[in-house]
Amino acid sequence: MADPTNAQIAAAFDELGDLYELDGAIVHRVVAYRNAAKVTRDASVSVAALTRAGRVTELPGIGATLETKLVALVETGDIPQAQRLRAKFPAGLLEMTRLPGLGPKRARRLYEELGIDSLQSLETAARQQRIRELKGFGARAEENILASIVRYTTALAENGGDGTGRFVLDRALQVAEPIVAALRDHPAAERVELAGSARRWADSVKDLDIIATAHDPRALAEALTEMDVVESVAGIGDNGARVRTHRGIGIDLKVVAPDQFGNVLQHFTGSKEHNVALREAAVKRGLHVSEYGILDDATGETLRCATEEEVYAALGYAWIPPELRENRGELQAALLDGGSGLPELVREEDIRGDLHSHTVASDGRDEIEAMAEAAQALGYEYLAITDHSASHGFGDDVSPAELEAQIERIHAANHAFDGIELLAGSEVNILPDGSLDYPDELLARLDWVIASVHSSFRIDERAMTERVLAAIEHPWVDAIGHLTGRKIEARDPYAIDVERVFAAAAANGTMIEINAAPDRRDLNDVHARAAAQAGVMILLDTDAHRVATLRSSRRYGIATARRAWLTREQVANTRPWAEFAPLRKRARGGG
DNA sequence: GCCGTTTTCGGCCCGACTGTTTTCAGTCG
């Protein structure tokens with residue numbers, strides 16, 4: 001049996017936490033499981049392998065008890081305590097706790113006192129007005145439960161996902177950025193900042209938080225509610241407004257006092273895990289952090305901060321870029337006294353070229369020349385044209401003969417354009433057996449080859465890993481594209497042993513891209529950090545299929561790189577062409 | 001269940017909101 005992936009282990013911890021919570025365990029025990037799930041999900045090495053090596057308690061939040069459970073999970077595929085609790089609580093009960101407003105305590109009472117064990121029996125009981133008979137429940141509770149069930153089930157039907165209703169970041173920013181700009185332009189506004197997971201550049205967001213200060217808070221709140229994008233207003237007052245846009249995304253505007261702006265912005269930027277860790281560390285120094293200020297036990301005074309820099313400084317830290325605020329070591333690194341130092345993160349303007357783009361030769365929309373002009377407009381020194389290969393299908397495949405003609409076209413364009421190097425490339429399919437779909441002689445004639453998986457996603461982890469390793473070891477493969485194939489909020493990554501992949505890529509001098517397409521961002525932040533630590537040269541590519549995305553996608557790749565703690569040096573295509581060219585495997589004698 | 005420049009036991013971030021209460025538990029972010 002294959003080892004469970006980190007994602008599978010994390011899911012097992014989450015499930016056990018939920019089950020223990022239903023079972024009435026103290027909250028700290030439940031939190032311990034949720035922490036362990038997150039640590040596992042964020043781990044850059046195989047937690048199963050660490051468990052086998054007897055080293056898993058080196059992970060923060062994993063102690064002797066969880067180690068025992070991990071051993072059982074790795075060796076038998078399940079955890080005995082989970083089996084026991086699953087028998088005790090029906091699966092429908094866990095689903096009930098996912099309804100907003102219905103937690104483990106109340107769900108369990110519904111189960112024990114009314115025998116309700118599913119969303120269906122819950123709905124029936126609410127309609128029959130049997131729930132109000134329970135002490136602590138009333139008619140309002142029945143209404144809310146029915147409304148929650150409707151929202152939950154329609155969300156499930158609409159996005160086919162888990163009903164969490166998250167938005168890929170670019171969709172959310174398309175809404176958020178014009179709103180923030182408009183609020184900043186409003187005469188009543190002083191400061192307006194996006195907060196929350198959008199400010200941290202997370203893969204997806206649930207809703208949008210905007211923090212502001214204003215001469216006339218009410219006027220600013222009204223300005224938001226009157227915007228065309230707003231579908232409905234859930235609330236408005238002197239402290240802000242809460243609205244829903246036509247796109248279905250909720251926006252919470254908070255207008256706060258200027259001397260607390262830093263506290264509030266820091267609090268609502270999160271992440272939750274970052275804030276909890278920040279506060280726990282502060283308590284040990286007699287400081288209590290909240291969105292209103294920092295209460296000092298010694299003086300009884302509350303420090304209010306107009307800026308985030310003041311908040312972090314008061315707690316002994318350098319200001320931490322929002323992309324790093326995930327409790328992945330950033331607090332330790334930011335300590336003013338004894339920290340190891342935060343990395344100088346790569347920036348959008350550091351990028352000097354793009355190594356993955358498409359044209360009309362395959363499924364792109366624009367011609368070589370248009371893409372070249374767009375790249376030049378971005379100040380790039382190089383652009384690789386990498387259309388799909390011979391077996392791509394969808395009517396977009398490029399036969400070997402067509403590729404030969406494409407090489408000529410690209411080289412001709414390269415002569416026509418001054419100041420930019422146009423690379424004749426290809427995004428070659430990695431076939432299920434690990435072979436490529438062009439002959440080696442043709443691959444050798446190209447200036448650049450990026451190899452990707454575009455078919456047979458569901459083969460098992462071992463086969464997928466061997467498949468990609470074959471490409472990594474291939475002499476004419478310079479880089480690997482979108483390694484895990486995930487589509488954010490739409491398609492899970494395929495099973496692949498990223499540790500083996502990164503080790504092989506580092507050993508072979510094969511680069512791995514962060515594909516910047518906003519619905520891919522693949523490598524993800526955790527993988528990209530692990531890859532760089534393993535010595536892999538990271539690329540930042542847009543996979544642009546048209547002129548516009550050559551620019552517009554780039555910042556999502558940068559965001560992932562920054563969330564991965566990457567510096568400019570760790571991203572290969574921050575280098576000028578003269579330095580990048582010899583880094584290609586084919587230039588290093590790889591062929 | 002984890003963890004240790006106040007601890008191997010006794011702590012574990014902080015506050016708002018909701019609905020049901022008459023002082024609060026549960027839930028959420």
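Every heavy atom of this structure was used, including side-chain atoms; hydrogens, water molecules and symmetry mates were not. Note on naming: letters A, B, ... go to the chains in the order of the sequence lines (proteins, then strands), and numbering restarts at 1 for each one.
When the P atom is compared between B/dC12 and B/dC17, the two are found 24 Å apart, to the nearest whole Å. B/dT23 and B/dG29 are spaced 24 Å apart, taking the C1' atom of each and rounding to whole Å. For the C1' atom pair drawn from B/dC9 and B/dG26, the interatomic distance equals 28 Å after rounding to whole Å. Nucleotides B/dG1 and B/dT20, compared at atom P, are 34 Å apart to the nearest Å. Look at the P atom in both B/dT8 and B/dC3: the space between them is 16 Å, to the nearest Å. Comparing B/dT6 with B/dG11, their C1' atoms are spaced 12 Å from each other, to the whole Å. For the P atoms, the distance linking B/dG15 with B/dG10 amounts to 26 Å, nearest Å. Comparing the C1' positions of B/dT5 and B/dC14 gives an interatomic distance of 25 Å, to the nearest angstrom.
Using the six-membered ring where Trp is involved, A/W201 and A/Y556 have ring planes that are perpendicular, over 60° apart on the 30 and 60° scheme.
Crowding of A/E309 atom CD: a count of heavy atoms from other residues, nucleotides or ligands under 6.0 Å exceeding 12. Heavy-atom neighbours of A/R242 CZ from other residues, nucleotides or ligands within 6.0 Å: at or below the threshold of 12. In this structure, A/R132 places its CZ atom where more than 12 heavy-atom neighbours from other residues, nucleotides or ligands lie under 6.0 Å away. Atom CD of A/E344 sits in a sparse spot, with 12 or fewer heavy atoms from other residues, nucleotides or ligands closer than 6.0 Å. Within a 6.0 Å sphere centred on CG of A/D259, other residues, nucleotides and ligands contribute more than 12 heavy atoms.
Taking for each of A/L287 and A/Y33 the nucleotide of DNA chain B with the nearest heavy atom, the 5'-most of the two is the partner of A/Y33.
Looking at A/R130, its side chain never comes within 3.5 Å of a backbone N or O of A/T124 through a donor-acceptor pair. For the pair A/N6 (side chain) and A/V47 (backbone), a donor-acceptor distance under 3.5 Å is present.
A/N144 comes within 4.0 angstrom of sugar-phosphate atoms only, judged by non-hydrogen atoms across all strands, and of no base. Using a 4.0 Å heavy-atom distance criterion, A/V283 is classed as a sugar-phosphate-only contact. Nucleic acid contact class of A/V27 (heavy atoms, under 4.0 Å, all strands): none.
Atom-to-atom, OH of A/Y292 to P of B/dC13 comes out at 19 Å; the value is rounded to the nearest Å. The CD1 atom of A/I294 sits 12 Å away from the P atom of B/dC14 (whole-angstrom rounding). Going from atom CG of A/N275 over to atom C1' of B/dG15 covers 12 Å, rounded to whole Å. With rounding to whole Å, A/N239 atom CG is found 13 Å from B/dA16 atom C1'. One interatomic measurement links the two molecules: CG of A/N327 to P of B/dC12, which rounds to 18 Å at whole-angstrom precision.
Judged by a 6.0 Å distance limit and a 45° cone about the ring axis, A/R247 is not positioned over the six-membered ring of A/F167.
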Nucleotide by nucleotide, nucleotides 22-29 of chain B touches protein heavy atoms under 4.0 Å in the pattern (B base, S sugar-phosphate only, - none) ----SSSB
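Side-chain N/O atoms of A/N275 and A/Q266 include a donor and acceptor closer than 3.5 Å.
Here A/H288 reaches the OP1 or OP2 of B/dC14: one of its side-chain N or O atoms lies under 4.0 Å away.
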So which protein N/O to nucleotides 2-5 of chain B N/O distances come out below 3.5 Å?
{"from": "B/dC2", "atom 1": "OP1", "to": "A/G63", "atom 2": "N", "distance (Å)": "2.5"}
{"from": "B/dC2", "atom 1": "OP1", "to": "A/G63", "atom 2": "O", "distance (Å)": "3.3"}
{"from": "B/dC2", "atom 1": "OP1", "to": "A/L66", "atom 2": "N", "distance (Å)": "3.3"}
{"from": "B/dC2", "atom 1": "OP2", "to": "A/T65", "atom 2": "OG1", "distance (Å)": "3.3"}
{"from": "B/dC3", "atom 1": "OP1", "to": "A/G61", "atom 2": "N", "distance (Å)": "2.8"}

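Among the nucleotides B/dT20, B/dG1, B/dA16, the one closest to the side chain of A/I26 is B/dG1.
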